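Structure first, then comments.
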Amino acid sequence: MPNSDMSVGEVSKRTGVAISALHFYETRGLIKSTRNTGNHRRYSRTVLRKISVIKAAQQAGISLTEIAEQLAAIPNNDKVTSTAWETLSSSWKVSLDEKIERLTLLRDTLSYCIGCGCLSEKYCSLINPDDQLASKGTGARLLDPKEADTIREIKARYAAEQD
Ligand code: FES
């Protein structure tokens with residue numbers, strides 16, 4: 001029945017998303033349900049497309065917070081129309097491009113030092129001499145998305161020293 005509402009179990013079965021995750025999406029305002037006379041949750045079939053978009057975005061590394069913010073910016077977002085999808089995908093493109101660029105940089109030149117302060121790898125003395133990256137914050141600085149400029153600068157320095 002293409003236009004009939006669905007139970008949470010049916011939505012879970014069709015989307016492959018656990019019922020607990022569907023409830024979580026609902027508490028975060030990502031999806032909505034109504035209650036039937038028996039007080040059971042009922043979902044419009046359009047929720048299947050929305051959940052698929054959420055799932056695909058999560059698999060692409062977009063945070064649930066970011067997904068929720070972007071979806072909230074779309075009026076009448078119960079159904080993710082093709083126009084809405086264009087808006088969403090273009091806003092996520094920037095974030096994905098940054099992730100891809102950072103991972104590519106790490107793969108290509110920085111895989112021997114992640115700026116964690118261990119100074120135990122061959123290239124740490126070149127990339128993170130005397131743990132200078134500690135001044136930028138805690139953790140593996142070169143795995144932090146906020147350090148994209150630092151990674152670019154190190155890559156340029158590394159390339160110059162290889163010439
Ligand atoms: S890998 Fe830890 S500081 Fe280089």
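Note that these values count all heavy atoms, side chains included, but never hydrogens, waters or copies made by symmetry. The shown structure was predicted, so the numbers you read here are calculated from the model rather than taken from an experiment. We count ligands from 1, going down the list as the structure has it; atoms in each ligand are counted the same way. The first residue in the sequence is number 1, and the count goes up from there.
Side chain to side chain, T65 and S63 fail the donor-acceptor criterion of an N or O pair below 3.5 Å.
Residue contact annotation: C118 places no N/O/S atom under 2.8 Å from atom 4 (Fe) of ligand 1. At a cut-off of 2.8 Å, C124 is counted among the residues with an N, O or S atom near atom 4 (Fe) of ligand 1. Among the atoms of C113, no N, O or S atom falls under 2.8 Å of atom 2 (Fe) of ligand 1.
When the heavy atoms of A140, G117, A134, S125 are ranked by distance to atom 3 (S) of ligand 1, first place goes to G117.
Atoms of ligand 1 lying under 4.0 Å from at least one heavy atom of L119, given by number and element, are 2 (Fe), 3 (S). The atoms of ligand 1 that sit less than 4.0 Å from any heavy atom of N128 are 3 (S).
Within the 4.5 Å cutoff, the side chain of K50 has heavy atoms near those of the L71 side chain. In this structure, T150 and K136 have side chains that are in contact, with non-hydrogen atoms separated by less than 4.5 Å.
Taking CG of N36 as the reference point, atom CG of D5 lies at 9.0 Å (rounded to 0.5 Å).
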Problem - Full working for side-chain contact (heavy atoms from CB on, under 4.5 Å) between R28 and L64 - result: CA-CA 9 Å; R28 297 289 301 268; L64 212 49; 4.2 Å; yes

